[in-house]
Number of protein chains: 2
Amino acid sequence: MEFVGSVVRGVASLTQAMEDGRTQMVGLLLPSDFVGRPGRDSAAYDVVATTDLVMCCFRKKPFEDMMVRTPHIAQRLLEMTLDELDAAREWMLVLGRKTAREKIASLLSIIARRDATLNLAGVEGPLEFDLPLTREAMADYLGLTLETVSRQVNALKRDGVIDLVGKRHVIVPDFDRLSEEAGDDSDGGMLS
Amino acid sequence: MEFVGSVVRGVASLTQAMEDGRTQMVGLLLPSDFVGRPGRDSAAYDVVATTDLVMCCFRKKPFEDMMVRTPHIAQRLLEMTLDELDAAREWMLVLGRKTAREKIASLLSIIARRDATLNLAGVEGPLEFDLPLTREAMADYLGLTLETVSRQVNALKRDGVIDLVGKRHVIVPDFDRLSEEAGDDSDGGMLS
DNA sequence: CGTCAACTTGATGCTATTCAACTTTGGTGG
DNA sequence: CCACCAAAGTTGAATAGCATCAAGTTGACG
């Protein structure tokens with residue numbers, strides 16, 4: 001990898017594969033995410049664009065030089081890396097302990113939240129967004145098969161947790177309901 | 001969390017839990033690992049010692065001040081965090097895509113490797129170490145139940161991949177064999 | 001020698017996978 | 001404009017793998 005940079009528009013995925021073809025997505029790169037590993041040569045993972053993608057890139061070497069000269073940048077990068085580490089660990093809980101339905105709900109919840117904050121919408125009222133992933137990509141992210149993804153997405157639709165327009169456009173009428181389904185259950189017992 | 005520090009002796013675990021009790025270990029802290037989150041107050045996870053533990057601690061505030069004054073430290077910390085991120089992502093593949101048997105083999109493989117590098121032993125000949133984790137802790141790390149852990153550990157023993165002395169002391173006669181079982185299959189096809 | 005936590009083992013059921021067929025969608029060229 | 005195709009997605013039936021529940025067993029320690 002000759003470059004580092006950050007995603008401006010579109011979605012890319014970071015995947016890891018075994019020789020027999022089993023694949024796990026280990027990172028979802030949405031707009032504003034940083035890509036690359038200053039101080040490392042090894043490209044440990046495959047980076048693949050899953051939609052049309054616009055990135056803002058720097059040659060790695062000059063960037064690293066700048067890092068050494070500008071302590072602020074290293075500190076900012078450390079913060080971003082800690083955020084990524086948090087995200088990775090949150091995802092470990094999803095992969096290790098959640099059911100298929102909860103996994104789907106978790107993914108939709110994350111994308112919805114990201115999309116909402118980016119599009120300056122409040123968390124009130126129905127959220128709405130396009131899935132930037134195929135069913136197969138979702139399966140690779142969630143540690144499921146694409147068939148199971150399909151079944152559970154449609155189950156959530158049948159149960160009114162989400163609504164679908166076509167196969168990719170998702171409407172979330174009640175975000176708290178989705179969070180419950182994800183097992184995140186943020187609010188606990190709100191009133192009394 | 002008032003402190004940051006690093007593990008000197010013993011093992012601690014970083015876990016995340018859902019309200020209903022499901023638990024996922026998101027990090028295994030072995031000697032030389034760093035603990036804590038400079039620049040963050042939130043204690044996002046539970047840190048629990050799983051054996052007797054000796055740590056080398058600093059109060060967080062002075063440590064952060066030192067970080068600002070000494071760019072080197074921030075850069076070293078960034079490297080360590082990137083390593084942790086790699087480890088977390090490797091573990092995502094384990095959690096998402098590996099079978100119970102492969103998960104067990106992966107865990108043993110990691111502990112064996114860590115233990116070997118720490119005890120300055122080569123990777124040749126039989127490796128030998130004590131499991132620093134109960135079956136339940138292993139289950140929480142692997143996203144399995146403790147019963148499945150027990151069954152698969154004993155299956156690996158029956159198949160001669162490992163040998164057990166008591167319930168905790170593990171002997172690995174052939175590390176490559178263990179790697180194969182873990183699905184890591186490093187060597188591929190060595191001779192022709 | 002009794003007790004408790006860690007661990008093992010067995011029987012059963014459920015969830016997600018597997019394999020296979022089928023449908024929908026969007027794009028291409030006749 | 002429509003027939004055709006490939007890629008994406010859906011659906012069904014059968015099965016495997018792990019979870020669950022329920023007894024046991026072992027080993028360390030008072």
Side-chain angles (χ1 to χ4, degrees), chain A residues 11 13 18 20-25 48-52 94-108 130-159 162-170 181 183, chain B residues 11 13 18 20-25 48-52 94-108 130-159 162-170 181 183:
Chain A
V11 179
S13 61
M18 304 205 244
D20 64 8
R22 278 177 287 177
T23 296
Q24 176 66 49
M25 200 183 297
V48 182
T50 61
T51 65
D52 288 343
V94 173
L95 290 173
R97 292 301 184 192
K98 292 194 178 179
T99 64
R101 168 181 265 245
E102 289 170 333
K103 284 180 177 181
I104 299 287
S106 297
L107 179 57
L108 294 177
D130 277 313
L131 274 178
L133 302 171
T134 65
R135 301 290 130 112
E136 189 175 17
M138 293 173 69
D140 284 343
Y141 200 30
L142 296 167
L144 298 170
T145 60
L146 62 91
E147 293 95 330
T148 300
V149 171
S150 179
R151 279 186 249 271
Q152 297 296 337
V153 167
N154 288 311
L156 287 177
K157 178 183 176 180
R158 268 196 303 283
D159 298 346
I162 61 173
D163 207 346
L164 289 178
V165 179
K167 291 161 190 308
R168 293 292 194 90
H169 192 80
V170 180
E181 292 286 355
Chain B
V11 179
S13 62
M18 303 205 244
D20 63 7
R22 281 178 284 176
T23 295
Q24 176 66 48
M25 200 183 297
V48 182
T50 62
T51 65
D52 288 343
V94 173
L95 289 173
R97 292 303 185 191
K98 293 193 177 178
T99 64
R101 169 181 263 244
E102 289 170 333
K103 285 179 176 180
I104 299 288
S106 297
L107 179 56
L108 295 176
D130 277 312
L131 275 179
L133 302 172
T134 66
R135 300 291 129 112
E136 189 176 16
M138 292 173 70
D140 283 342
Y141 200 31
L142 296 166
L144 298 170
T145 59
L146 62 92
E147 293 96 330
T148 299
V149 170
S150 179
R151 279 185 249 272
Q152 297 296 339
V153 167
N154 289 311
L156 287 176
K157 178 181 177 182
R158 269 197 302 283
D159 298 346
I162 60 172
D163 208 346
L164 288 180
V165 179
K167 291 160 190 310
R168 294 292 196 90
H169 192 79
V170 179
E181 291 286 356

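This structure is a prediction, so every number in the text was calculated from the model and none was measured. All values below come from the heavy atoms of this structure, side chains included, with hydrogens, waters and symmetry mates left out.
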Worksheet item: Looking at A/Glu136, A/Lys103, A/Arg135, which one forms a side-chain contact (heavy atoms from CB on, under 4.5 Å) with A/Val149?
Response: A/Arg135
Discussion item. So does B/Val11 get a backbone contact from the side chain of B/Thr50, meaning a donor-acceptor N/O pair under 3.5 Å?
Written reply: yes
Pairwise N/O distances under 3.5 Å, protein to nucleotides 6-9 of chain D:
residue: D/dG9; atom: OP1; partner: A/Arg168; partner atom: NE; Å: 2.7
residue: D/dG9; atom: OP2; partner: A/Arg135; partner atom: N; Å: 2.7

Worksheet item: Would you find a donor on one side and an acceptor on the other, under 3.5 Å apart, between the side chain of A/Gln24 and the backbone of A/Tyr141?
Response: yes
Discussion item. Holding to salt bridge (charged side-chain N to carboxylate O under 4.0 Å, His left out), I want the full list of residues that pass it with A/Glu147, two or more places apart in sequence or in another chain.
Written reply: none
Worksheet item: Which angle, rounded to 10°, do you find between the first-five-pair axis and the last-five-pair axis of the helix from C/dC1-D/dG30 to C/dG30-D/dC1?
Response: 30°
Worksheet item: Is there a donor-acceptor contact under 3.5 Å from the side chain of B/Arg168 to the main chain of B/Leu131?
Response: yes
Fill in: Nearest-Å distance for atom pair NZ/P, residues B/Lys157 and C/dT9
9 Å
Discussion item. The criterion is salt bridge (charged side-chain N to carboxylate O under 4.0 Å, His left out); which residues satisfy it with B/Asp159, sequence neighbours excluded?
Written reply: B/Arg101
Item to complete: Kindly say whether B/Asp163 contributes a backbone atom to a donor-acceptor pair with the side chain of B/Lys157 at under 3.5 angstrom?
Response: no
Worksheet item: So, does B/Thr23 use its side chain to make a donor-acceptor pair with the main chain of B/Gly21 at under 3.5 Å?
Response: yes
Discussion item. Are A/Leu146 and A/Asp140 packed together at the side-chain level, in the sense that at least one heavy-atom pair is separated by less than 4.5 angstrom?
Written reply: no
Worksheet item: Rounded to the nearest Å, what distance is computed from the CD1 atom of residue B/Ile104 to the C1' atom of nucleotide C/dC7?
Response: 13 Å
Worksheet item: How does each nucleotide of nucleotides 11-22 of chain C score, in 5' to 3' order, for protein heavy atoms under 4.0 Å: base (B), sugar-phosphate only (S), or none (-)?
Response: B----SBBBB--
Practice prompt. Please name all residues satisfying salt bridge (charged side-chain N to carboxylate O under 4.0 Å, His left out) with A/Asp20, sequence neighbours left out, ordered by chain then number.
Written response: A/Arg22
Fill in: Atom-to-atom span, CZ of B/Arg22 to P of D/dA19 - whole angstrom
12 Å
Worksheet item: To the nearest angstrom, how far is B/Met138 atom CE from D/dC18 atom C1'?
Response: 16 Å
